[in-house]
There are 2 protein chains.
Amino acid sequence: MTEMSSNSGSGGGATGRIGIGLELDATHLKILEVLRDNGRVSVSALAERVGISRANAYTRFEALRADGVIRRFTAEIDHQRAGLGIVALIFVTVRQQMWRQFRAQLAQMPEVEYCAITTGQHDAMIQVRMADVAEVHAMVTERLANIPAVKATETVFILDEVLRRPYVLPSDRERDRGRGAPRRPGPSPSSDPEQGQGQGQGLPLGKMRFVGAAEGRAALRDAT
Amino acid sequence: MTEMSSNSGSGGGATGRIGIGLELDATHLKILEVLRDNGRVSVSALAERVGISRANAYTRFEALRADGVIRRFTAEIDHQRAGLGIVALIFVTVRQQMWRQFRAQLAQMPEVEYCAITTGQHDAMIQVRMADVAEVHAMVTERLANIPAVKATETVFILDEVLRRPYVLPSDRERDRGRGAPRRPGPSPSSDPEQGQGQGQGLPLGKMRFVGAAEGRAALRDAT
DNA sequence: GTTGAAATTAGTACGAA
DNA sequence: TTCGTACTAATTTCAAC
């Protein structure tokens, strides 16, 4: 369950275009903002907070849900209290042309909370949540190692989770304008305060300490 | 907002003990399971699905919420459609004894979705969500680089998010018993199908390809 | 896109098992 | 503790504006 087939086709998810089927305006974003902080608000209360009528709120709410902008509603729980206090990141190197198998195997592992394909030295990052360190060990050596698609792994433990937001919205960025990140008017046409989320990507990578796919990390040390 | 002060005190979050104030039984876990998949169910429907009375469901629901097992309810949204289609991981090396400042600065960055302190070559991992690649660049070079606590960064892009679960529950593991991960009766006393979540940690790390804190990665390649 | 009124459903409080 | 029922308050739906 919970497979995500986003960013599928081309290898990058570079087209961050907005509104595939539904044009999101400021009101939509406001709705999402409220729903992020309280996923159980009644639509009536939602309408009041956003500043629209109930009927309108119902319409937009349903549209967001039907269009897939809102995937689902969920409860955020304290893993520690639920008995899974250990978090680990497992960086995986995947054997080429065995991706399909890798993904299929991963979908069978309920203890995996997150898995993403990455650039860099490794091919994928898996986040697991376990009751104790021994279980992480068992997971890596007995379960992951048994997958033929897995060539190598590297495990890192999470000592503390400093911050976790349910999701980030474009409108969040308006709050820190003019604090260290001056919007230069170049390739990012996202200067409209309400809904401007253009694409304009792939240009200024020159200054980044980029790590090419699986080529190893040199002695890169600073971002400037 | 959304700071997590779990795992604070000692540096490890090793004590995965359950029930600090509330003993979670099978019914509690069932409730969490339902709430994970549909955070907006009415308590009446919840009671029906779990198989308890409405009054009981209300009591337990409130208890889980009051005790902090359920942190909040939220909506899971499609970032791509919301205009933030680019995801990146930024691995940060933090200057010693500047952790407090690092955390304070991070709390001010709304575009940061997740931040965790890790073992391994780097000290922290930050996950950001942006409209385009250029913004990631700006984030790293202009915002993170301006934090004195940040010594070095390494950026990796996420090409595809294969899997994302709202959270993992101890009961999830029952579903894959006897498929590659034989529960050896050693340090993990979590053999009770319903609520057993012991600690028993720190023993069998010998076979793991462990990466000590910020000591660099040697030519480690396989998990066995 | 908004307001208002009816029908339904949710939330609360109690006593009994 | 948990369940069942009655009571109260709120939400959703549907209508007209």
Side-chain angles (χ1 to χ4, degrees), chain A residues 18-19 21-78 81-83 171 192-195, chain B residues 18-77 81-82 166 169-171 192-197:
Chain A
I18 195 175
L22 183 69
E23 202 72 28
L24 298 187
D25 58 16
T27 308
H28 283 120
L29 292 181
K30 226 170 183 177
I31 290 173
L32 292 176
E33 215 169 312
V34 174
L35 252 29
R36 162 179 60 180
D37 293 327
N38 186 3
R40 272 181 87 85
V41 281
S42 65
V43 183
S44 311
L46 175 68
E48 200 174 0
R49 288 200 207 178
V50 174
I52 54 177
S53 68
R54 282 164 309 189
N56 192 359
Y58 274 103
T59 307
R60 287 166 175 273
F61 182 84
E62 240 330 288
L64 285 169
R65 223 172 166 359
D67 205 66
V69 180
I70 298 176
R71 277 229 187 75
R72 69 156 123 191
F73 291 93
T74 189
E76 200 183 299
I77 72 143
D78 189 327
R81 298 222 173 153
S171 50
D192 189 303
E194 290 308 15
Q195 68 172 49
Chain B
I18 195 173
I20 315 168
L22 181 70
E23 202 72 29
L24 297 186
D25 58 17
T27 309
H28 283 120
L29 292 180
K30 227 171 184 174
I31 290 174
L32 292 176
E33 215 168 311
V34 173
L35 252 29
R36 163 180 57 180
D37 293 328
N38 186 4
R40 271 182 86 87
V41 282
S42 65
V43 183
S44 311
L46 175 68
E48 200 174 359
R49 287 199 208 178
V50 175
I52 54 177
S53 70
R54 287 202 310 158
N56 193 2
Y58 273 105
T59 307
R60 287 169 175 271
F61 182 84
E62 241 317 290
L64 286 169
R65 221 168 167 2
D67 206 64
V69 180
I70 298 176
R71 276 228 187 78
R72 70 156 122 190
F73 292 92
T74 188
E76 200 182 299
I77 72 143
R81 299 223 173 153
L169 288 173
S171 50
D192 189 303
E194 290 307 15
Q195 67 173 49
Q197 256 71 45

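Everything numeric in this text was worked out from a predicted model, so none of it was measured. Every chain is numbered from 1, with letters handed out A, B, ... down the list of sequences.
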Using side-chain heavy atoms (C-beta onward) and a distance below 4.5 Å, is A:Asn38 in contact with A:Arg49? yes
Shortest non-hydrogen contact from B:Gly68 to A:Asp78? O-CB, 3.3 Å
Indicate the atoms forming the closest heavy-atom contact of B:Leu29 with B:Pro170, along with that distance. CD2-CD, 4.3 Å
What is the separation between atom CG on A:Asp25 and atom C1' on C:dG1, rounded to the nearest whole Å? 13 Å
Between A:Ile31 (CD1) and C:dG1 (C1'), how many Å, whole number? 13 Å
Checking all strands, does A:Ser44 fall into the base, sugar-phosphate, or nothing category for heavy-atom contacts under 4.0 angstrom? base
Say whether, by atom type as modelled, one donor and one acceptor occur between the side chain of B:Arg40 and the main chain of A:Ser42 under 3.5 angstrom. no
Show the nearest heavy-atom pair for residues A:Ile70 and B:Ala75, with the distance to one decimal. CG2-CB, 4.2 Å
Side chain proximity check, A:Val50 to A:Arg60, heavy atoms < 4.5 angstrom: no
On DNA chain C, does the nearest nucleotide to B:Ala55 precede the nearest nucleotide to A:Arg60 from the 5' side, or the other way round? Give the residue. A:Arg60
As a check of understanding: the bend across the helix from C:dG1-D:dC17 to C:dA17-D:dT1, end axes from five pairs, rounded to 10 degrees, works out to 30°
Tell me: CG of B:Asn56 to C1' of C:dG15, nearest whole Å? 16 Å
Of B:Arg36, B:Arg65, B:Arg72, which meets salt bridge (charged side-chain N to carboxylate O under 4.0 Å, His left out) against A:Glu76? B:Arg72
Provide the closest heavy-atom pair for A:Leu35 versus A:Val41 in the form atom of the first, atom of the second, distance. CD1-CG2, 3.6 Å
B:Leu64 vs A:Ile77 side-chain heavy atoms within contact, under 4.5 Å: no
Using modelled atom types and a 3.5 Å cut-off, is there a donor and acceptor pairing between side-chain atoms of A:Arg54 and backbone atoms of A:Ala47? no
To the nearest Å, how far apart are B:Glu62 CD and C:dA13 C1'? 15 Å
5' to 3' on DNA chain D, which nucleotides open and close the contacts with chain A (atom under 4.0 Å from a heavy atom)? D:dT11 to D:dT13
Starting at CD of A:Glu48 and ending at P of C:dT3, how long is that distance when rounded to a whole Å? 12 Å
According to a strict under-4.0 Å criterion, is B:Ser42 in side-chain N/O contact with OP1 or OP2 of C:dA10? yes
Looking for any heavy atom pair under 4.0 Å, which part of the strands does A:Arg40 touch: base, sugar-phosphate only, or nothing? nothing
Locate the shortest heavy-atom distance separating A:Tyr58 from A:Ser44; write the atom from each residue and the value. OH-OG, 4.3 Å
Identify the pairs formed between an N or O of the protein and an N or O of nucleotides 5-7 of chain C at a distance under 3.5 Å, and give each distance.
none

